[in-house]
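In what follows, a structure is listed as structure tokens, so that the remarks can point back to it.
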Amino acid sequence: MKYIDEFRDGALARKLVADLEIEAERLSRRVTLMEVCGTHTMAIYRHGLKPLFPEKVRLVSGPGCPVCVTPAGYVDMAITLARTPGVIITTFGDMLKVPGSQTSLVKERGAGRDVRVVYSPMDAVETAKSSPDKEVVFLGVGFETTAPSVAAAILTAKREGVKNFTVLASHKVMPEPMEALTKGELKIDGYICPAHVSAIIGERGYRRLAEVYGVPCVITGFEPLDMLRGVIMLVRQIAEGRAVVENEYFRVVKPEGNVKAQAILADVFEKSNAVWRGLGPIPDSGLAISPRYESYDAMKKFKLSEPDVRENPACLCGEILKGLKEPLDCGLFATACTPENPVGACMVSSEGTCAAEFRYGERSRANA
């Protein structure tokens, strides 16, 4: 199949692994690379790439899973709305099991609350149009990748005069947390930049990381050969003492990104401070609904404020999202915390690091 099989060719993969070993020999020390996209995390585990890397190349996962970084306080607000008479909650399915401080949306649905899974924000607008006596709230979670479709839904609702539709927004942007991690405890030598986000923001969003902090960045696709080439490009930059933004995924990502999507984001949203589950507050890392569209802002319409919720102290999701710990370091992994009964958000999402380790990692291989 064109655009898939040629990026999974075993012979080419073995050649790239050999090339990576040659490049790694040029390194003077062991380096740590971080992939900050949940889809990359799943691809790395699914294709068994980590064991192929040389000893000098360590790859850790970052906070690029949108569900994983959604704070429990946000889930609590969604549950408050679900318990409000006359309110329909609409959401993508992966938010249902995310634990709040006391319960989850899937448990609330089991208790009779009107919580519905939709496949796009426009479905939520249609639900509002067909339920004029109800208030329909869409849970706006995700990065620059999904935010444009939410913005389009708000613009559609405004254009069509739909007044019973709002968004509980918790959108986030990626470059700011990457900068925060660069200044953090873990010494990160290079980033595999998120491909979907890069398709929207282009190469410009990562230049500060390279130019100010000297951290090489490579935008990489999701197929095995993409990722191996991306790691080679990163290792080569480090070995040569360079730090620039390179684009391995040029067949999809344009240097300038998606200009139309950027325009709609700038119209409907504005930068805001945001709390990241496991990382805490990060300035200018969120997207709040602009005052121009505040009638579609559920926070304002229902006069909500996000509570500060303490996470389960036994859960290591926060350390895992920072790349400081691995899923197997957590005492809850595969015992008290499983995909069916997640304690932390890293296990909830299909793109979470713990979910990837549970499905494809050492434990899974041992039981195969």
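No experiment lies behind these values; they were computed from the predicted model shown. All residue numbers in this chain count up from 1 along the given sequence.
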- prompt: So, do His196 and Phe143 have ring centers that fall under 6.0 Å from each other?
  reply: no

Atom of Asp329, atom of Leu316 and distance for their closest heavy-atom approach: O-CD1, 3.6 Å

- prompt: Taking only residues two or more places apart in sequence or in another chain, which ones pass salt bridge (Lys or Arg N to Asp or Glu O under 4.0 Å) with Arg229?
  reply: Asp226, Glu248

Side-chain donor-acceptor distances from residues 300-308 under 3.5 Å, at least two apart:
from	atom 1	to	atom 2	distance (Å)
Lys301	NZ	Glu135	OE1	2.9
Lys301	NZ	Glu135	OE2	3.4
Lys301	NZ	Lys163	O	2.9

Side-chain donor/acceptor pairs under 3.5 Å, residues 254-269, sequence neighbours excluded:
from	atom 1	to	atom 2	distance (Å)
Asn258	OD1	Lys260	N	3.2
Asn258	OD1	Ala261	N	2.9
Gln262	NE2	Ile200	O	2.7
Gln262	NE2	Glu256	O	2.9
Asp267	OD1	Tyr293	OH	3.1
Asp267	OD2	Tyr293	OH	2.9

field: Non-hydrogen atoms of Val117 and Gly93 that approach each other most closely
entry: CG1-N, 3.7 Å

field: Spacing of Met347 atom CE and Cys315 atom SG [to the nearest 0.5 Å]
entry: 9.5 Å

query: Around Phe250, counting heavy atoms of other residues, nucleotides and ligands shown, do more than 12 lie under 6.0 Å from its CZ?
result: no

message: Between Thr41 and Glu351, is the side chain to side chain donor-acceptor pair (under 3.5 Å) condition met? List the steps.
response: CA-CA 7 Å; Thr41 299; Glu351 295 187 346; over 6 Å; no

- prompt: Any side-chain donor paired with an acceptor under 3.5 Å for Glu203 and Ser198?
  reply: no

- request: Return yes if some donor-acceptor pair links the side-chain N/O of Ser131 with the main-chain N/O of Ala128 below 3.5 Å, else return no.
  value: no

query: Which pairs with one or both residues in residues 17-32 pass side chain to side chain donor-acceptor pair (under 3.5 Å), sequence neighbours excluded?
result: Lys15-Asp19, Glu23-Arg26, Glu23-Arg236, Arg26-Glu240, Arg29-Asp189

field: Salt bridge present between Lys322 and Glu185 (N-O < 4.0 angstrom)
entry: no

- request: Could you tell me whether Arg204 atom CZ has more than 12 heavy atoms of other residues or ligands within 6.0 Å of it?
  value: no

message: Any side-chain to backbone donor/acceptor pair from Gln237 onto Val244? Under 3.5 Å, distance only.
response: yes

task: Please name all residues satisfying ring pair (Phe, Tyr, Trp, His ring centres under 6.0 Å) with Phe92, sequence neighbours left out, ordered by chain then number.
output: Phe138

- request: List, by chain and number, the other hydrophobic cluster members for Met122, where Ile, Leu, Val, Met, Phe, Trp and Tyr join if side-chain heavy atoms come within less than 4.5 Å, directly or indirectly.
  value: none

- prompt: Can you check whether Val348 reaches Cys68 side chain to side chain, under 4.5 Å on heavy atoms?
  reply: no

